[in-house]
Structure formats: C-alpha cells, structure tokens
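Since the structure comes first, as structure tokens, the remarks are kept for the end.
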Protein chains: 2
Amino acid sequence: MAHDVVRALGYLCLGTRLRRIGEQVQADSQRIMDSLDVPLQAGQYPLLAAISRLGPLSVGELAEALGVTQPGVTRAAGLLTKAGYLKVRKGKDDQRIRRLSLTGAGEALIARSRAEIWPMIEAAVRDVCDGLEGSLIAQLDGLEDALKEKPLHRRAFENEGNRR
Amino acid sequence: MAHDVVRALGYLCLGTRLRRIGEQVQADSQRIMDSLDVPLQAGQYPLLAAISRLGPLSVGELAEALGVTQPGVTRAAGLLTKAGYLKVRKGKDDQRIRRLSLTGAGEALIARSRAEIWPMIEAAVRDVCDGLEGSLIAQLDGLEDALKEKPLHRRAFENEGNRR
DNA sequence: ACATAAAATATAACACGTTATATAACAAGG
DNA sequence: CCTTGTTATATAACGTGTTATATTTTATGT
C-alpha cells in the first residue's frame, strides 16, 4: 500500500481502520472455510456458536449476546433457518417470542467445526497476533503487516507445527 | 452485554470483533459530526483527507491509498461529487483517467475540519484509548468497556481539559 | 373488561463494503 | 492499420450492518 492514508491518520481514522482490518480477517477466514467446504459465511459462525454455547435463544437474546441489533439477528437467523441449520419454535408461554435452536444439521456442523475448523482458524489468528505489542495503533500496524506478509489461510495450511 | 459471546470466543471471532468495534467508533464519531453540523458521513472523511494530503488523485490511486477496492472508491467519490465537494477532470494525456480534486466547498470543509473537527475527534479517540495496554485482545476488551462507559461524543463535549 | 402502553419481532430503506463483469481508452505486434 | 491484450473506470448483484417504523402479542390501570 503506497502511502496508506488511513494508517497515516492514526487515531483520527481508528473506526475505519478497525473495520478494514476486521473485513480482512473475515475474508481470510472465509478462504479457510471455503477450502474446507464449510457451507457458511464467516460472519454466521458467531450466531450458531452462541446458540451452541447458551442453548436455544430468542432473537432479542441473540442480539444481546452478539452485540448487534435485533434486525440484524432477524435476517441472519432467517438465512440460517432457510439453510437448514436452525429451527424456530414459538414461545409456549409468550407467543411473541421465537426461540431459535440448532437442527440436526446445525448440531453436526457445530460438532465438526469444534473438532476441526475452529481450532485451525483460531491457531492461524493466534499465529498472526503472536508477537504483537505496544499501543493499540502499533499492534494494528503490526497485524496488518503480518496479514499482508502471510494471510491467515496460508498460516492455516502451512504452519501446522510452529505454535510456541 | 450479558454474556458477550463474540468477546468470549476471543481469537476465533477477531474479525467480527474488529468490525463491531470499528462500527461503534464510527457511529460515535458520526454523532460528534452531526452535533457540529458536518454534512458528511464519517466514512467519507478519509477519501477527502487523502486528496487534501496528496493532491488530486485518480480513482485507482485513491483505492490504493485508502486500502479499499476500486468500485468502493467510484461510488464514494460519486456521492462526494454530487454533494459538491469533489470535481472530476479527465486526464489530458490518458482519457481513461478521472482525476479527482477538491472543489472550493471541499477545500473549505477540509479547512474547517482540520481546524476544529478533526482535533476534537482525535482527542476523544486518544482519550478513550488512553491507558490501554496488554495484548490486542486485552486492549479491545478495554476499548469496548471504555466506549460503553463513556462514548466518544461524551468525551468530545465534556473532556476539554483532561488530556494528560 | 377495555383502552392504552410496552415488549418482541419483522419489514423497509439505506450505508458501504465486497466480487464479478462490462465498457472504453490506450498499447503493441503482425 | 487493425486485431488483440491491458488498463482504468463503471455497473450490477450481493452481504451485512445500521436506523426507523410497523405489526403482533402481552401487560396494566381504571
């Protein structure tokens, strides 16, 4: 990146910067998932993981647990339901509530993810963050440099034994 | 946030986390800008700042300088042109190139921003980042906590004298 | 019991990033 | 010169976040 203005602007562009790096990390993670034929978008994992961890949740509880707005959850959950990983049942007591839980396919996907996908992604992310230090800005600089030098998907498939 | 799953998942959800915090920082910055009647979206500042810093740039050069894709720049520049802050002139030599530069209104907006808006936003962001230390994850935890406790717009308008 | 408020979810409209592809101008070899 | 490839930009389609508002169900006060 010749003369990266967002980086040069430092604290003034922190929001833009965080978003940009987050998108890069997600895109790299997506490549790992695609290579392993995981039929999901990277951003859909947290929703499934939340239900897997906490049990069936309502739309509102999910929004709270994920730190996003309720309409975002409504849409994401709709897609995952259509894809067959979630099922909905109305609250028996309160008919407004739609409680979301994993289907069999959803449970299977989570089981596989927990066993082989997540450890791989997490190791790659740990690897790229390894050695970062200093101020937040300094660590973001380092993270971007490290991602550019060797993206997560290369770390996932090449660095099987060099965790410290 | 009761049981924040994205935070709990740590390195596995780093991409989602960075995006989420970046969106929060931008939303808070937007509130500062709205209060000061700055007629822009927060995300449009880097593009104007790049041209202000580096002089007239082509679409491709902007994409490079901002670290985003070319279609993203084409659209953002189109909006800023329609809003009257940018003007386009075709390359005299190479007719494919569209060189973007600031209009009078654009120059004026940048002058005002440099004088009063940017220092305010930057001070607020520095304030919220002040005292962060440790690993990247630890600093992100701290940043989210600090933003929740006192958002940027409150820091901008209340903390005029407590920079250390 | 019934009007009214509150809560849970859905829908609409928009912001802004991406990838894939189309178009237009330039460059180059036969 | 004229096909053919490359480069610069534009357009289209989509992903996923937001805010604002509508809809449906539950709770409440008189």
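Residue numbers start from 1 in every chain, and the chains themselves are labelled A, B, ... in the order their sequence lines are given, proteins ahead of strands.
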Practice prompt. Could you check how far CG of L62(B) sits from P of dG17(C), rounded to whole Å?
Written response: 13 Å
Worksheet item: Could you give the CD-to-P distance, from Q26(A) to dG17(C), as a whole number of Å?
Response: 15 Å
Discussion item. Check R155(B) with D130(B), please: is the shortest side-chain N to carboxylate O separation under 4.0 Å?
Written reply: no
Distances under 3.5 Å only, N/O to N/O: pair up the protein atoms with those of nucleotides 12-14 of chain D.
none

Worksheet item: With nearest nucleotides of DNA chain C determined for A27(A) and S58(A) from heavy-atom distances, which residue corresponds to the more 5′ nucleotide?
Response: S58(A)
Item to complete: Using ring-ring contact (aromatic ring centres under 6.0 Å, His included) as the criterion, list what pairs up with Y85(A), not counting sequence neighbours.
Response: none
Item to complete: Could you tell me which residues satisfy side chain to side chain contact (heavy atoms under 4.5 Å, CB included) with Q44(B), sequence neighbours excluded, listed by chain and number?
Response: L40(B), Q41(B), L79(B), L80(B)
Response to the item:
Atom CG of L57(A) and atom C1' of dT9(C) are separated, to the nearest Å, by 15 Å
Discussion item. For residues 24-36 of chain A, which residue pairs pass the side chain to side chain donor-acceptor pair (under 3.5 Å) check, not counting sequence neighbours?
Written reply: Q24(A)-D28(A), Q26(A)-T16(B), Q26(A)-R19(B), Q30(A)-D34(A)
Fill in: Rounded distance in Å - CZ (R17(A)) to P (dC16(C))
20 Å
Worksheet entry | side chain to side chain contact (heavy atoms under 4.5 Å, CB included) against D145(B), all qualifying residues, sequence neighbours excluded | R7(B)
Worksheet item: What pairs meet the ring-ring contact (aromatic ring centres under 6.0 Å, His included) rule with one or both residues in residues 10-35 of chain B, with sequence neighbours excluded?
Response: none
Worksheet item: Considering only side-chain heavy atoms of T69(B), which listed nucleotide, dT9(C), dA8(D), dT19(C), is closest?
Response: dT19(C)
Worksheet item: Which part of the nucleic acid, if any, lies within contact of V73(A), taking any heavy atom under 4.0 Å across all strands shown: a base, the sugar-phosphate backbone alone, or nothing?
Response: nothing
Item to complete: Could you tell me whether R99(B) and D94(B) have a side-chain N and a carboxylate O separated by less than 4.0 Å?
Response: no
Discussion item. Using a heavy-atom cut-off of 4.0 Å across all strands, would you classify G60(A) as base, sugar-phosphate, or nothing?
Written reply: sugar-phosphate
Item to complete: Calculate the interatomic distance between K82(B) atom NZ and dC16(C) atom P; express it in whole Å.
Response: 14 Å
Protein-nucleic acid N or O pairs under 3.5 Å, nucleotides 22-27 of chain C:
{"from": "dC26(C)", "atom 1": "OP1", "to": "Q95(B)", "atom 2": "N", "distance (Å)": "2.6"}

Fill in: Pair listing, ring-ring contact (aromatic ring centres under 6.0 Å, His included) test, anchored in residues 122-144 of chain A, at least two apart
none
Worksheet item: Can you find a side chain N or O atom of T74(A) that sits less than 4.0 Å from OP1 or OP2 on dA10(C)?
Response: yes
Worksheet item: With sequence neighbours left out, what residues match R98(A) under side chain to side chain contact (heavy atoms under 4.5 Å, CB included)?
Response: V88(A), K90(A)
Practice prompt. In whole angstrom, give the distance that lies between atom CG of L18(A) and atom P of dG17(D).
Written response: 16 Å
Worksheet item: In whole Å, what is the span from the CZ atom of R19(A) to the P atom of dA15(C)?
Response: 13 Å
Worksheet entry | Nearest-angstrom distance from the residue atom CD1 of I97(A) to C1' of dT24(D) | 13 Å
Worksheet item: Think Q70(A) has a side-chain N or O under 4.0 angstrom from the OP1 or OP2 of dA8(C)?
Response: no
Fill in: Listed once per pair and sorted, the salt bridge (charged side-chain N to carboxylate O under 4.0 Å, His left out) pairs that draw on residues 70-81 of chain A, sequence neighbours left out
none
N/O contacts under 3.5 Å, protein versus nucleotides 1-5 of chain C?
none

Response to the item:
Minimal heavy-atom distance between I32(B) and A124(B), with the atoms involved, is CD1-CB, 4.5 Å
Discussion item. Taking salt bridge (charged side-chain N to carboxylate O under 4.0 Å, His left out) as the cut-off, I'd like each qualifying pair that reaches into residues 103-122 of chain B, sequence neighbours left out, listed once.
Written reply: R112(B)-E116(B), E122(B)-R126(B)
